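This report refers to the structure that appears directly beneath it.
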Number of protein chains: 2
Amino acid sequence: MDSKKSIFTTGEFADLCGVKKQTLFHYDEIGLLKPEYRSENGYRSYSVHQVEIFIVIDMLKEIGMSLTEIKNFLQFKSLKSSIELLTEKEKIVKMKIKKMQHTQKLIQNKKKQIKEALQLNFDRFTIEEMDTEWYVLSENILNLPDKDATKVSMLFLKYMKQEGLFIDNAGALIRQEQVEAGDYLNYSNLYFRTHQLDLAEKISKKSGKYAVGYHKGSYLTIHETYEKIKDYLTKEGYRVCGHSFEEFLYVMEGASLSVEDNYVTKIMIKVEEN
Amino acid sequence: MDSKKSIFTTGEFADLCGVKKQTLFHYDEIGLLKPEYRSENGYRSYSVHQVEIFIVIDMLKEIGMSLTEIKNFLQFKSLKSSIELLTEKEKIVKMKIKKMQHTQKLIQNKKKQIKEALQLNFDRFTIEEMDTEWYVLSENILNLPDKDATKVSMLFLKYMKQEGLFIDNAGALIRQEQVEAGDYLNYSNLYFRTHQLDLAEKISKKSGKYAVGYHKGSYLTIHETYEKIKDYLTKEGYRVCGHSFEEFLYVMEGASLSVEDNYVTKIMIKVEEN
DNA sequence: TCTTGTGTATATGGTAACCATATACCTTAT
DNA sequence: ATAAGGTATATGGTTACCATATACACAAGA
């Protein structure tokens, strides 16, 4: 006569919700989700309907609200403002979906990159015939003071990030004169490889023979690799005839425990035979 | 001659990455992302390429990896296992996108619900003519011992949750006999409203006149509201002629600070005129 | 040149949302 | 009747930061 159907213990309810009992204790403690009642033995009892509350809590948590915020929201002090909040959250969810889709692309790209890396020999220099490629270029920063150059670069990178174009590798362009002068850290532009040709205004290209080498380790020691490539070129009867393009890989099978030792920069310098 | 372009200070780099300086200090400390180098004055210097690393870190964080896991991953101890990990993470991202899309629906539903609630008077009982509705029903738990009933309910709810059908409200069906006997907590089935008619095997319906009332507050005091509805029916010249359907999560503008006091259970009992 | 505002570095303590563990009690199944 | 397993509370620990305080560095103007 006083049967109570669909009443769950803490363990059952936790299982149902896909969390640990601890979490429910916590929610009880902070008053976010208290059990319907306690039995005489002190055991918590949750009802079916509370599963629904939990689902809402879980959802709000998922979209980045803190438990305190959620508690306030569930107070429903004003239904109108609740609707407003939900409308706002709807936008956030849309953005998150977009971000996740971007992440998907990023992962695919990284996988491709690693697969390529598996085929590569980072210790050898080569001369390669390369096709034209299209880049989105930053403004020229060569003749700017370092401070200003940094600002321009920042704006460029922020823009690219914001537009979701930060999927492929970023690169740096070093002009022939700087390469020849050994002024390797004096970039003239940053760039991104792109397949979107509608970004036409800021595009540059290259095609022909390139010396390809890989620099392992810090940015600061890249001159060493450049010098080695130059030696290699002399030996092979080539000389620099254009700009250098640096792209960043950082996927070397890591013997080293130090993260940054695994950084690899791909260097491509336009060359021709003597 | 020794110009260094695109080198960022901690503040700049933080801005670029969309985080606080503190976060970068933290990553430096735990060895996850150390600056390329330190100037003589002790200032951290980050390179463009490190933005790329940060983006990967951020992405991996987004999909639920801990900083320690990320650090290990970036060690690239084995490129093959790195690819495997990424492939696994790809699946997770897919799932997350699905979940987010589900969340979108949920939010829309809650908004609709709140909008409806704004029109309602929770203090009045009414007799309403209602159309046929289709429900996904759980197994009958009426004649099961409470323990077993709970288990069956759990399986039902878990199934619904897993299938992503936990968008609309859950409800409980109390049979006429239990309603008449005052055994209001002795559900015979749980149900979900549904628009998917392909779930045909587990469907139930109803159509006709219903007494509609709202119970505010705890599950345990629902009998009070039932008794009031019964009084109301007698006064109006109606009597119970079918089952009662309870649905949850109609929200009330919260006068109370206690979360659970603001929840409302909608009670619909099939009735006919005397 | 001095100053003043802004930037950086380190150190320390604090926070949210749990998780792990220990201890004690309760319940059910054999 | 006893063991296995579930529940309750208490306490300390964890992760990924954030806030604040203090000290030093740098750039720009009076």
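Side-chain atoms are counted along with the backbone in the values below, which use heavy atoms only and exclude waters and symmetry mates. Predicted, not measured: the structure shown is a model, and the values here were computed from it.
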Output yes when a side-chain donor or acceptor of K5(B) lies under 3.5 Å from a complementary backbone atom of L142(A), and no otherwise.
yes
To the nearest 0.5 Å, what is the distance between OG (S6(A)) and OH (Y187(B))?
6.5 Å
Let me know the distance between CD1 of I7(A) and P of dT7(D), rounded to the nearest Å.
14 Å
What is the separation between atom CG on D15(A) and atom P on dG6(D), rounded to the nearest whole Å?
11 Å
Do E246(A) and Y219(A) pair up side chain to side chain, a donor and an acceptor below 3.5 Å, judged on atom types alone?
no
Donor-acceptor side-chain pairing of E36(A) and S218(B) below 3.5 angstrom
yes
Measure from the side-chain N and O atoms of Q50(B) to the backbone N and O of K34(B), and report whether any donor-acceptor pair falls under 3.5 Å.
yes
Could you go over nucleotides 23-30 of chain C and give all protein N or O partners under 3.5 Å, atom names and distances?
unit_1  : atom_1 : unit_2 : atom_2 : d
dT27(C) : OP1    : N41(A) : ND2    : 2.9

Any luck finding a side-chain donor-acceptor pair between Y27(A) and Q22(A) under 3.5 Å?
no
Double-helix bend of the helix from dT1(C)-dA30(D) to dT30(C)-dA1(D), axes at both ends from 5 pairs, round to 10°, gives 10°
Here the distance between atom P of dA8(D) and atom OH of Y37(A), to the nearest Å, is 13 Å
Does R44(B) make a side-chain N or O approach to OP1 or OP2 of dA25(D) shorter than 4.0 Å?
no
Nucleotide dC26(D), atom P - distance to CG of D146(A) in whole Å
15 Å
Can you list everything that forms a side-chain hydrogen bond (donor to acceptor under 3.5 Å, both in side chains) with R44(B)? Sequence neighbours excluded, please.
D28(B)
Nearest whole angstrom, please: distance from the P of dA10(D) to the NZ of K21(A).
16 Å
Can you tell me how far the CG atom of N169(A) sits from the CZ atom of F248(A), to the nearest 0.5 Å?
9.0 Å
To the nearest angstrom, the CG-P distance between D28(B) and dA9(C) comes to 9 Å
dG7(C) phosphate, OP1 or OP2, under 4.0 Å from T9(B) side-chain N/O:
no
Under 3.5 Å, which protein N or O atoms sit close to an N or O of nucleotides 1-4 of chain C? Give each pair with its distance.
none

Rounded to whole Å, CG of L24(B) lies from C1' of dG7(C) at a distance of 15 Å
Side-chain ion pair, K111(B) and E90(A), N-O less than 4.0 Å:
yes
In terms of the nearest nucleotide of DNA chain D, which residue is placed more toward the 5' end: G42(A) or E29(A)?
G42(A)
At under 4.0 Å between heavy atoms, how does the protein contact nucleotides 15-20 of chain C? Give one character per nucleotide, 5' to 3', with B, S or -.
--BSBB
Please determine, by modelled atom types, if T265(B) and H215(B) share a side-chain donor-acceptor pair under 3.5 angstrom.
no
Give a yes or no on whether the backbone of C17(A) and the side-chain of K161(B) come within a donor-acceptor separation of less than 3.5 Å.
yes
Closer than 3.5 angstrom, by distance alone: can the side chain of T87(A) be matched with the main-chain N or O of I83(A) as a donor-acceptor pair?
yes
In whole Å, I'd like the distance from the CZ atom of F13(B) to the P atom of dT8(C).
13 Å
Output, in order, the C-alpha distance, side-chain angles, deciding distance and verdict of side-chain contact (heavy atoms from CB on, under 4.5 Å) for T68(B) and K71(B).
CA-CA 5 Å; T68(B) 324; K71(B) 194 180 167 188; 5.6 Å; no
Establish, with yes or no, whether the OP1 or OP2 oxygen of dA25(D) is under 4.0 angstrom from a side-chain nitrogen or oxygen of R38(B).
no
With K158(B) via side-chain hydrogen bond (donor to acceptor under 3.5 Å, both in side chains) - residues at least two apart
D15(A)
